[in-house]
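Below is one structure, written out as structure tokens; the observations come after it.
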Protein chains: 2
Amino acid sequence: MHPIEPSFSTPDSPVSIAAVAEHAGVSVATVSRVMNAQDGVRPKTRDKVLASVETLGYRMNYLARNLRTAESRLLLTMVPDIGNPFYAEIMRGINSVALQHGYFVLLCDTGADAKQERSYFDLLRTRRADGAICLDPDTIQHASASDATGLPWVACCEFDPTVAVPYVSIDNQRAAGDAIRHLLERGHRRIGLINSDERYLYARQRQAGYLDAMTAAGLTPRPEWCKTVQCLDYAAGAAATLEMMAQPDAPTAIFAVSDTLAIGVLSGLRQLGKRVPEDVAVIGFDDIAVAAQINPGLTTIAQPMRALGETAANLLLQRLHAPTVPVPGILLNHQLVIRGST
Amino acid sequence: MHPIEPSFSTPDSPVSIAAVAEHAGVSVATVSRVMNAQDGVRPKTRDKVLASVETLGYRMNYLARNLRTAESRLLLTMVPDIGNPFYAEIMRGINSVALQHGYFVLLCDTGADAKQERSYFDLLRTRRADGAICLDPDTIQHASASDATGLPWVACCEFDPTVAVPYVSIDNQRAAGDAIRHLLERGHRRIGLINSDERYLYARQRQAGYLDAMTAAGLTPRPEWCKTVQCLDYAAGAAATLEMMAQPDAPTAIFAVSDTLAIGVLSGLRQLGKRVPEDVAVIGFDDIAVAAQINPGLTTIAQPMRALGETAANLLLQRLHAPTVPVPGILLNHQLVIRGST
């Protein structure tokens with residue numbers, strides 16, 4: 001093991017950036033570029049500078065820079081479930097834009113500990129992070145109803161149109177309508193909905209889209225065709241399916257509001273010996289990568305996950321660079337992707 | 001939009017923590033607890049303190065604390081592909097241990113930009129982060145062969161036993177052997193291997209496990225039964241399967257070294273009209289959540305993903321708290337999980 005020597009025992013390091021530059025035989029600007037991880041320094045020079053930094057015990061210029069610029073160069077990303085590929089793909093979009101602009105992304109797994117939620121926003125209040133992108137619908141709702149609306153953050157997917165927090169999402173009502181119209185075109189009349197909790201705007205919008213399309217087709221959906229789940233995972237989709245299919249006159253088609261739920265629906269139907277799509281058709285939402293891999297392939301409403309992440313990051317950067325300029329809410333396009341499950 | 005007023009225009013804020021305490025009518029210790037996101041402060045008190053912080057323009061105590069303790073309270077996690085549920089589950093383990101100990105996890109998506117790799121270690125060199133956990137086998141190899149071995153980081157899954165970098169992994173050779181012995185017990189003799197590149201230790205160990213088990217059964221695997229892929233995703237698994245099955249005397253069973261690959265194998269076999277497990281049996285590696293959901297369920301070697309992440313984080317914390325004490329390498333147990341695909 002090579003121990004790290006604690007080279008800096010006092011808060012006020014007596015070593016200046018000029019001393020490092022002299023020791024390494026380079027300019028102060030070059031030392032600064034190395035310490036700020038900027039391009040344009042040859043690897044050899046970089047190594048020489050870092051060797052001098054270590055030898056002399058120079059440090060804290062980041063913090064000094066932070067003191068001057070009041071920037072941490074950290075962006076928070078709050079996700080409810082990093083195990084859900086939907087969020088992972090969005091995070092990839094956020095991360096790529098952040099890196100391009102010299103920011104690092106701090107992962108905040110809000111699902112891991114609800115108590116942390118408040119302390120994540122405290123990172124903004126105390127300027128340990130410059131801004132945040134929130135993907136957790138619960139956190140978005142809590143923060144939208146609190147003084148956190150004054151902090152630099154962006155809502156992604158879920159949002160509250162009544163507060164001045166920038167957001168990016170899709171038109172959830174129309175997207176859900178498109179899913180149902182596809183099932184109607186396939187001849188289905190008894191269509192089940194497995195939805196997220198109605199306390200979320202996106203869940204209410206998707207339910208409205210479902211009802212719109214059913215009503216337009218002259219159908220009155222029965223309340224027992226609609227199931228609410230508290231968690232959008234495989235197990236929840238399977239459990240809701242077993243309940244739904246236990247009814248008399250059970251649906252011949254099921255719309256689940258995430259692909260993870262829909263994959264659970266396929267699993268539940270298999271347990272019941274139902275064939276997909278012959279006995280029951282299934283449509284999901286998101287278009288995570290595995291949706292194209294399973295058998296049958298999952299028909300779904302594709303969300304532009306990467307673009308959602310990139311747009312959220314760009315909105316946040318706009319907000320940070322010009323705090324007084326209003327940042328618009330943005331709705332991106334969705335797309336129906338037809339595969340074997342319908 | 002509620003703009004954030006840049007309340008702190010000078011690096012040396014004249015407002016002391018004592019002034020905040022007086023303004024809020026609380027003790028200095030309470031202000032300190034709030035600013036350090038510690039427990040034991042009532043929400044009302046917390047809000048009062050933060051209001052005073054904002055009113056007075058107090059800030060920078062984090063940075064001052066950093067100057068004193070030389071700690072950033074940030075841990076890096078370098079992942080090659082956050083879209084792979086295997087890494088997401090490990091990250092969840094890392095994150096939970098980090099939060100318990102008052103650290104935040106900085107996400108470093110090494111797959112996004114290989115050039116960033118070096119700059120992530122520079123975050124350690126310049127003490128912007130306290131330590132790192134690396135899950136990217138390429139990065140682990142590069143860093144193990146560089147002066148980065150002296151920095152506080154831990155290798156997870158892939159490792160280099162010849163350098164003094166703490167690691168956690170599983171016994172890859174025995175795990176691969178267990179997969180092959182399971183296929184042999186099912187009566188298979190022509191067994192294909194879809195493996196990662198042999199430049200990685202884990203790939204060489206899994207190949208050794210494959211060869212051990214085949215040889216012990218008196219079989220001589222043909223070279224054309226072994227395919228190497230550069231990326232462990234669905235598409236790579238499907239492509240390798242199409243190649244492998246195009247041979248005369250094609251394998252009757254395939255061992256793919258990740259579940260994502262194996263799900264691609266199932267997809268490839270479906271394209272070829274092959275039934276699983278009747279025509280070809282398939283076994284994967286990892287036991288990501290979706291492996292139990294697909295049809296047929298995927299037989300696999302389960303890695304203890306969450307425990308890998310938790311152990312990696314604990315090893316790193318040990319390293320940080322006692323830099324001179326050698327930290328051991330740890331191998332956790334794997335498990336054969338039998339489902340419908342074999």
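Chain letters run A, B, ... following the sequence lines, proteins first and then strands; every chain starts at 1. Keep in mind that what you see is a predicted model, and the values were worked out from it rather than measured. Reckoned from all heavy atoms, side chains included, excluding hydrogens, waters and symmetry mates.
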Would you compute the distance between atom CG of A/Leu269 and atom CG of B/Asn295 and round it to the nearest 0.5 angstrom? 11.5 Å
Counting heavy-atom pairs closer than 4.5 Å to chain A, which one of B/Ile294, B/Val105, B/Asn84 comes out on top? B/Val105
Would you compute the distance between atom CG of A/Leu76 and atom CG of B/Leu106 and round it to the nearest 0.5 angstrom? 10.0 Å
Let me know if A/Leu107 has heavy atoms under 4.5 Å from chain B in its side chain, its backbone, both or neither. both
Which heavy atom of B/Gln293 sits nearest a heavy atom of A/Gly264, and at what distance? OE1-CA, 4.0 Å
Mind listing the closest non-hydrogen atom pair of A/Arg92 and B/Gly83 along with its distance? NH2-N, 3.0 Å
Side chain from CB out, backbone as N, CA, C, O: work out which of these in B/Leu74 comes under 4.5 Å of a heavy atom of chain A, or both, or neither. side chain
Point-to-point distance, once rounded to the nearest 0.5 Å, from CZ of A/Arg125 to CG of B/Asp47: 7.5 Å
Can you list the steps and then say if B/Asn95 with A/Ile82 is a side-chain contact (heavy atoms from CB on, under 4.5 Å)? CA-CA 10 Å; B/Asn95 198 53; A/Ile82 46 172; 5.5 Å; no
